[in-house]
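This one's a predicted model, so the numbers in the text were calculated from it and none came from an experiment. Residue numbering restarts at 1 for every chain, and letters A, B, ... go by the order of the sequence lines.
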There are 2 protein chains.
Amino acid sequence: MAQTNPPFMSGVPELLLLRLLDQREMYGYELVRSVRKVTGEAISLGEGVIYPALHSLERNGALKSRRKPVGGRTRVYYALTAKGRQRLDKLRNDWRRIQGGITNALEVPSHA
Amino acid sequence: MAQTNPPFMSGVPELLLLRLLDQREMYGYELVRSVRKVTGEAISLGEGVIYPALHSLERNGALKSRRKPVGGRTRVYYALTAKGRQRLDKLRNDWRRIQGGITNALEVPSHA
DNA sequence: CGAGTATACCTCGAACTAAAAGGTATTACA
DNA sequence: TGTAATACCTTTTAGTTCGAGGTATACTCG
C-alpha cells in the first residue's frame, strides 16, 4: 500500500523530448540545446535530466536508438516508435488539461 | 554547495492557493474543494498538500491567519498579505513564462 | 605543439515536491 | 446510536529533477 501517484505536473520533460523527436531523429546533446531553444529559453533541461529520460523512454519502447559515427565521434540518435507516438498523444492531452485548468483558475474572477 | 534549485515546474499548488486567497479569505478544507472546482477538476490537491503549503506560506509572511468559530467548530481563515500579493505576481509570471514555452514547443512545426 | 573550449556520452547523490494515509475531534443526520 | 461530513494536522513514502562529477574525442588559436 501507500500507493503514491506521480506528481500531477510531472512528465513535461518527457513530453518535450517526444515532441521534438516526433519531427526528426536527434541525439542527446542536441536535445539539450533544442529544448532550450524551442521553449524560448523558458525551460532548460540539463544532461542529468535528458540522458536518463532517453534511456527510460527507450526501455519502455517509446524510442529506438542507433549509433551513428559523425566526424570521428559517435552520436546516439533517437527516433519515435509507434508506441512513442501514442505516449506523446497522451502526454499532450494531459498537459492541455492541466494547463487549461490552471488558466481557468487564474483568469476566472472566482467570486462568480 | 550541491546547491539544488527547485524543479522548474514547482510552485503551482502555491500559485493556486494564493490566487484563490487573492479573491477572499478562505480556510484549508474549503481550499481543497475550491482548487478542484476552479480548475474544472483538472487538478486535485489533497489536504496533505494544502495544509503544509498554507503553514509554509504563513511562515514566510505571505499569508496571515485568524481563527474563527463557526457553528461551534473552529476554522482557520487565511488572507493574503502585501508580500503574498507580490509572491502571487511573481509566480503568475513564472507560470506564464513556462506555460508559453511549452505551448511554443508543442505548436511550432520545429523543422522550420 | 600545447592549452583550453566545445562536443558527446554517461551516472550518482542530494534536494525537493507532492501523494497518500493516518490521526484527532466535532457536528449533522438518519 | 452510529456513520458520514466537516475541519484540522503530521508523517511516511515515492517520485522527479538538479547539479556536479566523470570520461573521451575533436576543434581552435596562440
Can you figure out which of dT17(C), dA19(C), dG15(D) approaches the side chain of Phe8(A) most closely?
dA19(C)

Convert the base pairs of DNA chain D into dot-bracket notation, remembering that pairs crossing earlier ones are written with [ ] and that bases paired across to another strand are shown as |; include only Watson-Crick or G-U pairs under 3.5 Å.
||||||||||||||||||||||||||||||

Set of residues satisfying side-chain contact (heavy atoms from CB on, under 4.5 Å) with respect to Arg66(B), sequence neighbours excluded
Glu25(B), Lys68(B), Tyr77(B)

Does anything in residues 47-59 of chain A come within less than 4.0 Å of DNA chain D? Heavy atoms only, and list the residues if so.
Gly48(A), Val49(A)

Which residues share a salt bridge (charged side-chain N to carboxylate O under 4.0 Å, His left out) with Arg73(A), sequence neighbours left out
none

Among dC8(D), dC10(C), dC16(C), the one nearest Arg75(B) by side-chain distance
dC8(D)

Choosing from dC10(C), dA20(C), dC18(D), which nucleotide comes nearest the side chain of Asn5(B)?
dC18(D)

Output a table of donor-acceptor pairs, distance under 3.5 Å, between side-chain atoms of residues 46-53 of chain A and any protein atom two or more places apart or on a different chain; print 'none' if there are none.
{"residue": "Tyr51(A)", "atom": "OH", "partner": "Tyr29(A)", "partner atom": "N", "Å": "3.4"}

What's the CD1-C1' distance between Ile43(B) and dA18(C), to the nearest Å?
13 Å

Can you figure out which of dC10(C), dT17(C), dC9(D) approaches the side chain of Tyr78(B) most closely?
dC9(D)

Selection from dA19(C), dC8(D), dT17(D) that lies nearest to any side-chain heavy atom of Tyr29(B):
dC8(D)

In numerical order, the residues of residues 62-73 of chain A whose heavy atoms come under 4.0 Å of DNA chain C are Arg73(A)

Give a yes-or-no answer on whether the side chains of Ser44(A) and Arg36(A) include a donor-acceptor pair shorter than 3.5 Å.
yes

Both Val76(A) and Met9(A) contact DNA chain C. Taking the nearest nucleotide for each, which residue is further toward the 5' end?
Val76(A)

